[in-house]
Protein chains: 2
Amino acid sequence: MPPTGPPAEPPATDRPAARPTSKDVAKLAGVSQSTVSLVHAGKWHGRVSERTVQAVHEASATLGYRPNQAARHLRLGTTRTVLLVVPALTNPFFGAVHTGASEAAARRDFSVVVYPSPIRAGTELAPFASPFAAAHTALDGVLASSMALESLSELLGGTGPGPGLPLVMLDSAPEAGPPTVNVEVAAGMHALVTHLLALGHRRFARLVPDIDGWTFTARENAYRAALRDSGAVHVAHARTEFSVHEAAEAALTLLDTPEPPTALVCDDDVLAAGAYKAARRQGLRIPEDISITGFDDLIIATVLEPELTTVRLPAHQLGETGMTALLDLLDGRRPESTSLAAELTVRGSTAPPARR
Amino acid sequence: MPPTGPPAEPPATDRPAARPTSKDVAKLAGVSQSTVSLVHAGKWHGRVSERTVQAVHEASATLGYRPNQAARHLRLGTTRTVLLVVPALTNPFFGAVHTGASEAAARRDFSVVVYPSPIRAGTELAPFASPFAAAHTALDGVLASSMALESLSELLGGTGPGPGLPLVMLDSAPEAGPPTVNVEVAAGMHALVTHLLALGHRRFARLVPDIDGWTFTARENAYRAALRDSGAVHVAHARTEFSVHEAAEAALTLLDTPEPPTALVCDDDVLAAGAYKAARRQGLRIPEDISITGFDDLIIATVLEPELTTVRLPAHQLGETGMTALLDLLDGRRPESTSLAAELTVRGSTAPPARR
DNA sequence: CTGAAAGCGCTTACAG
DNA sequence: CTGAAAGCGCTTACAG
């Protein structure tokens, strides 16, 4: 049986089963509270005798002592907790970002709290009820995806005086101010378009998400740049919500034309999955009649048949590197903005265009 | 420019830009600290005059006051933080569970910390460095998936004396002790097999993950039960790692036989994706030559072509309901174990078997 | 209706 | 090498 939450009634036994404190440990070990603290903090060398250290460890083990975090936080003025702000954890890409970030945080004894960013802005909450409102004092720093930037202004010292929180941005314009950890999406897109050009494609189209964000602008710019002076043309463009079925509808508008493109460059694997559906509805074979590409290299990329040519984004590493940068920032170091490689991954969805 | 972590040097200005405390608010409003606290806690009715309340609110706003959480936690003995333990957030199912749980928590002003459960058991950490070690004092409760049960023993009062943490289990044997919130996977499986039987299938096979867990046992038992006395036979069974390509290999062993099954029941959409690949490698058409089913109804289910007949598991609702139960438990109420419906979702991957 | 005081459990100068 | 004391910022009896 698990305990039933808050103590309903202090048990009448002589031992109230209260969590042992450092005072209890001190008493049992026959030393002072200071010594217990020193020993647990590993700051005892040259200050506490070996014997005493032993005694403290034994007493701690006997009582099952765990330091009270709230007390440490209050005393130290730090919470060893950081906030990760991402658009949605249901997107496996950000799940991987979270995992990488959590691992890096755990290695340095930090916890990660996540808020999927579409915090309903309209919801009026009690003065300090909003998760973000508490943030100022419950968090040491913030690691945020640019796709959630608006939700952040409040966090970062928006209201009233007082300093904002230390911040590292993921995937955002490097010149924006805070340190950034980016993925080289431009290079990835360049490699992708170059691959399609080398296959002989000359008629390109784009399927992009209905989301603003540095990363999508960067992809678009790199796509345009790669096509420039290539002899190939960009014939059309469609925006879509981030779902397979919506993407299929949007892709249909691109394909259902007198002179359809031979290469369809999608900004995400999920959108590419929609493009597959549209192509098939049009009776087009992939890759013989139309080459389709994605971005991310999620599990979906290998579920699709033929498997998807895409640009692999190192999600896990992005979270890990971003968290490391944030922790460095908290240590008073000034992390450099970095950029992680994005790798073109060629699979079965791209081929030379059919002769027409 | 964001602040650079810990104060390097207290700025020489007269206003050290320190975070304002309730004392500062009290001074500015010309009242006592107690009054400030009462006002912010909303416990002032009948105890503080309207005018004073106004003054406190104004002073708070002027200073940009936010209560220090660490101090509240220390004083109150509660952290308003709960731990969510799941196998992997990269699995979109658990991403959705997290989202649901976070929303329910935020509504009651709780935060959620997540640890993907495969905590490397071998890694020796400093005495209190492990995220779990701190848990005893930094958390109020735990919401855990059964697929991560081993990692939990330590959390729940394993080492030493002292009470464990209040716990609600997701997807685990209801009789196990702690309150549980389950999905009716058995009913879902029953509906699925009944659907296949009604289509005329008589030769079944199973593709299951190489993972232990109540939910998979429940699925297996329900599958067996549904087949019993149906006139149909279970012809084979394969276990596989949780990946598309591994699942494809395993499925191949089921299909590459003299008398292959006509219906392949997979315990997850990802495994079903592997089965599609195996079927195609064998030259089998879906659903004409083989019906394939999944479980979960992830995005993959609609990416596959034909789209996958599967059992929809309400991941978001599971997280939401589970969190609500945990918060009720923390409030001293005794939540009832509940079970959420799992809905059979028929799509294009199932059809009557070919005459042979 | 309002304020002074105690205390949550820790860490860190400081004194010995 | 070790201990007594102060104080982080809050909330809550308690006294007026």
Side-chain angles (χ1 to χ4, degrees), chain A residues 6-7 10 16 18-27 29-56 59-60 63-80 127-128 134 136-138 140 162, chain B residues 6-7 10 16 18-27 29-56 59-60 63-80 127-128 134 136-138 140 162:
Chain A
R19 190 183 306 297
T21 70
S22 64
K23 233 175 200 162
D24 299 324
V25 175
K27 201 183 299 173
V31 301
S32 77
Q33 205 187 6
S34 335
T35 304
V36 172
S37 180
L38 253 16
V39 170
H40 284 146
K43 297 182 180 171
W44 57 271
H45 292 275
R47 301 211 257 169
V48 178
S49 70
E50 294 272 1
R51 279 200 57 222
T52 307
V53 170
Q54 267 311 316
V56 169
S60 301
L63 296 176
Y65 170 70
R66 313 277 181 152
N68 179 308
Q69 297 301 315
R72 299 194 70 219
H73 296 163
L74 176 56
R75 176 64 228 236
L76 265 14
T78 188
T79 60
R80 302 198 83 77
F128 308 116
H136 273 274
T137 64
D140 287 344
Chain B
R19 189 184 305 295
T21 70
S22 64
K23 232 176 201 159
D24 298 325
V25 175
K27 204 183 299 173
V31 301
S32 76
Q33 204 187 6
S34 332
T35 304
V36 173
S37 180
L38 252 17
V39 170
H40 283 147
K43 298 184 179 171
W44 57 271
H45 292 274
R47 301 211 256 169
V48 179
S49 70
E50 295 270 1
R51 280 199 58 222
T52 307
V53 170
Q54 266 312 314
V56 169
S60 299
L63 297 176
Y65 171 69
R66 313 278 181 148
N68 180 307
Q69 297 302 316
R72 299 194 72 219
H73 296 163
L74 176 57
R75 176 63 228 235
L76 265 14
T78 185
T79 60
R80 301 197 84 77
F128 307 117
H136 273 272
T137 64
D140 287 345

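Residue numbers begin at 1 in each chain, while the letters A, B, ... track the order of the sequences.
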Respond yes when some side-chain nitrogen or oxygen of [X] is under 4.0 Å from OP1 or OP2 of [N], and no when none is.
X	N	answer
A:Thr35	D:dG3	yes
A:Arg72	C:dT11	yes
A:Thr52	D:dT2	yes
A:Ser32	D:dG3	yes
B:Ser22	D:dC10	yes
B:Thr21	D:dC8	no

B:Ser37 has its side chain closest, among D:dT11, D:dG3, C:dC10, to D:dT11
Quick note, B:Arg75 side chain, CB onward, closest among C:dA6, C:dG9, C:dA4 is C:dA6
Nearest whole angstrom, please: distance from the [atom2] of [N] to the [atom1] of [X].
X	N	atom1	atom2	value
A:His73	D:dC10	NE2	C1'	16 Å
A:Gln33	C:dT11	CD	C1'	9 Å
A:Gln69	D:dC8	CD	C1'	15 Å
B:His40	D:dT12	NE2	C1'	17 Å
A:Arg80	C:dT11	CZ	P	12 Å
A:Leu76	D:dG9	CG	C1'	14 Å
A:Arg66	C:dC10	CZ	P	13 Å

Non-hydrogen side-chain atoms of B:Ser60 and B:His40 separated by less than 4.5 Å: yes
If you compare all heavy atoms of [X] against all heavy atoms of [Y], which two are closest, and at what distance to 0.1 Å?
X	Y	value
B:Ser22	B:Gln33	OG-NE2, 3.0 Å
B:Ala29	B:Ala59	CB-CB, 3.8 Å
B:Ala71	A:Leu74	CB-CD1, 3.8 Å

With a 4.0 Å cut-off on heavy atoms, is B:Ser49 in touch with a base, just the backbone sugar-phosphate, or nothing at all? sugar-phosphate
side-chain hydrogen bond (donor to acceptor under 3.5 Å, both in side chains) filter on B:Ser37, not counting sequence neighbours, yields none
Comparing B:Leu74 with B:Ser34, nearest DNA chain D nucleotide closer to 5' gives the residue B:Leu74
Could I get a table of every N or O pair under 3.5 Å where one atom is in the protein and the other is in nucleotides 14-16 of chain D?
none

Which value, rounded to the nearest 0.5 Å, describes the distance between [X] atom [atom1] and [Y] atom [atom2]?
X	Y	atom1	atom2	answer
A:Asp140	A:His73	CG	NE2	8.0 Å
B:Arg51	B:Gln54	CZ	CD	10.0 Å
A:Thr52	A:Glu50	OG1	CD	9.5 Å

Ranking B:Ala71 and B:Leu38 by the position along DNA chain C of their nearest nucleotide, the one closer to 5' is B:Leu38
Per nearest nucleotide of DNA chain C, the residue lying toward the 5' end, A:Lys23 or B:Glu50, is B:Glu50
When B:Val39, B:Thr35, B:Val31, B:Leu63 are each screened for side chain to side chain contact (heavy atoms under 4.5 Å, CB included) with B:Val25, the one that passes is B:Leu63
Annotated structure of DNA chain C as dot-bracket, pair cut-off 3.5 Å, Watson-Crick or G-U only, | for inter-strand, is |||.||||||||.|||
